[in-house]
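Worksheet for the structure shown next.
Position 1 is the first residue of the sequence; numbering continues from there.
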Amino acid sequence: MSQSSKVSIYNQSDLKNTSDDAIPNYLNSLKFKQIHFLADVRLAMGYGAFLIACACFAWDYYLGFEKTKTWTFAAVGCYTVLNYGMMKWQKDVERGQVYLGTSPDGKKEISIATSSKKHSHMYNLEIAITDVIDDASKEAPKPTITKVERSFTNWFDESGLFVAKPFQEFLASSVPLIGKHDPKRVITSSQTLLDENPELLDAVLGASIASTEGGAETTGSVAAGKKGSKKRK
């Protein structure tokens with residue numbers, strides 16, 4: 001994802017779509033291997049519906065409606081079924097999935113689904129990690145599910161410019177499998193807490209300064225006491 005990508009910060013759909021597009025770009029750059037099966041099925045149904053519509057237009061144009069009305073009715077039925085099937089596929093099978101792939105070593109499968117509620121700036125992710133088993137006779141292991149959310153404002157600036165680094169840090173810090181392959185982007189929970197709460201950071205710095213000053217005063221008092229005791233001797 002290019003850092004020059006700009007969207008309207010008030011358009012939730014654009015914010016989500018830009019973020020969704022950035023996920024495969026980032027993971028593929030880490031040598032994750034994307035699986036395109038679900039997207040390929042959806043595209044096949046979409047292109048199939050389009051070809052049926054083109055065929056209807058062509059035979060009606062060249063042969064006339066009366067000669068082709070039986071085929072036209074059949075084509076309309078097929079078109080309706082394909083469109084309905086594509087809608088159900090997206091809703092019941094893909095379920096908001098924007099990425100499906102395997103880790104660089106091929107031992108883990110990762111699935112990422114995203115969503116965003118209406119009138120909300122929160123970006124919700126559901127990440128499923130599953131062990132890959134070569135032996136088909138063995139029972140498929142249950143996936144480990146992780147759910148995280150973060151505001152779009154963490155990686156979009158005030159002008160709507162998408163900034164890749166904080167988005168990648170969010171993914172690497174939230175998903176251990178991703179963080180393992182990009183440790184430079186992992187941020188500790190304590191650092192995240194301080195970043196999200198500037199007042200807490202100010203309080204920590206203030207306490208540190210006060211502690212330093214108190215230590216200096218104590219040291220000065222001890223030193224003065226030693227000098228006084230030497231004079232009394």
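The side-chain heavy atoms of Val163 and Phe156, taken from C-beta on, include no pair separated by under 4.5 Å. Residues Ser116 and Gln12 form a side-chain contact, since some pair of their non-hydrogen atoms from C-beta on lies under 4.5 Å apart. Looking at heavy atoms from C-beta onward, Pro166 lies out of side-chain contact with Phe170 at the 4.5 angstrom threshold.
A donor-acceptor distance shorter than 3.5 angstrom exists from the side chain of Ser29 to the backbone of Tyr26, with no hydrogens or angles considered. Glu109 places no side-chain N or O within donor-acceptor distance of the main-chain N or O of Gly101, the cut-off being under 3.5 Å. Asn25 places a side-chain N or O within 3.5 Å of a backbone atom of Asp21 that can act as its donor or acceptor partner. Formation of a donor-acceptor pair under 3.5 Å by the Asp60 side chain with backbone atoms of Phe57 is not found in this model. Here the side chain of Ser103 pairs a donor or acceptor atom with the backbone of Lys108 at under 3.5 angstrom. Not a single donor-acceptor pair under 3.5 Å links the side chain of Thr114 to the backbone N or O of Leu125. For Asn28 (side chain) and Pro24 (main-chain N/O), a donor-acceptor pair under 3.5 Å exists by modelled atom type.
For the pair Gln168 and Arg185, the tightest heavy-atom approach, listed with the atom from each and the gap, is OE1-NE, 3.1 Å. Shortest non-hydrogen contact noted between Met122 and Phe152 is O-CE1, 4.0 Å. What you find for Glu149 and Asn124 is that their closest heavy atoms are OE1-OD1, 2.7 Å. Of all heavy-atom pairs spanning Ile9 and Asp157, the tightest one is CG2-O, 3.6 Å. Of all heavy-atom pairs spanning Pro143 and Thr130, the tightest one is CB-OG1, 3.2 Å.
No chain of hydrophobic side-chain contacts below 4.5 Å, direct or via other Ile, Leu, Val, Met, Phe, Trp or Tyr residues, connects Tyr79 to Trp71. Neither Val186 nor Ile23 shares a network with the other; the hydrophobic side chains, linked directly or stepwise wherever heavy atoms of I, L, V, M, F, W or Y lie under 4.5 Å apart, form separate groups for each.
Residues passing the salt bridge (charged side-chain N to carboxylate O under 4.0 Å, His left out) test with Lys180, sequence neighbours excluded: none.
Relative ring orientation between Phe167 and Tyr123 is described as tilted, the plane-to-plane angle lying within the 30° to 60° band. Under the 30°/60° scheme for interplanar angles, the aromatic rings of Phe73 and Phe65 are found to stand perpendicular.
Donor-acceptor pairing under 3.5 Å is lacking for the side chains of Thr146 and Glu126. Between the side chains of Asp20 and Tyr99, not a single donor N or O lies within less than 3.5 Å of an accepting N or O.
Between atom CD of residue Glu169 and atom OG of residue Ser174 there is a gap of 11.0 Å, rounded to the nearest 0.5 Å. To the nearest 0.5 Å, atoms CG (Leu38) and CZ (Arg95) are separated by 11.5 Å. Between atom SG of residue Cys78 and atom CD1 of residue Ile52 there is a gap of 5.0 Å, rounded to the nearest 0.5 Å.
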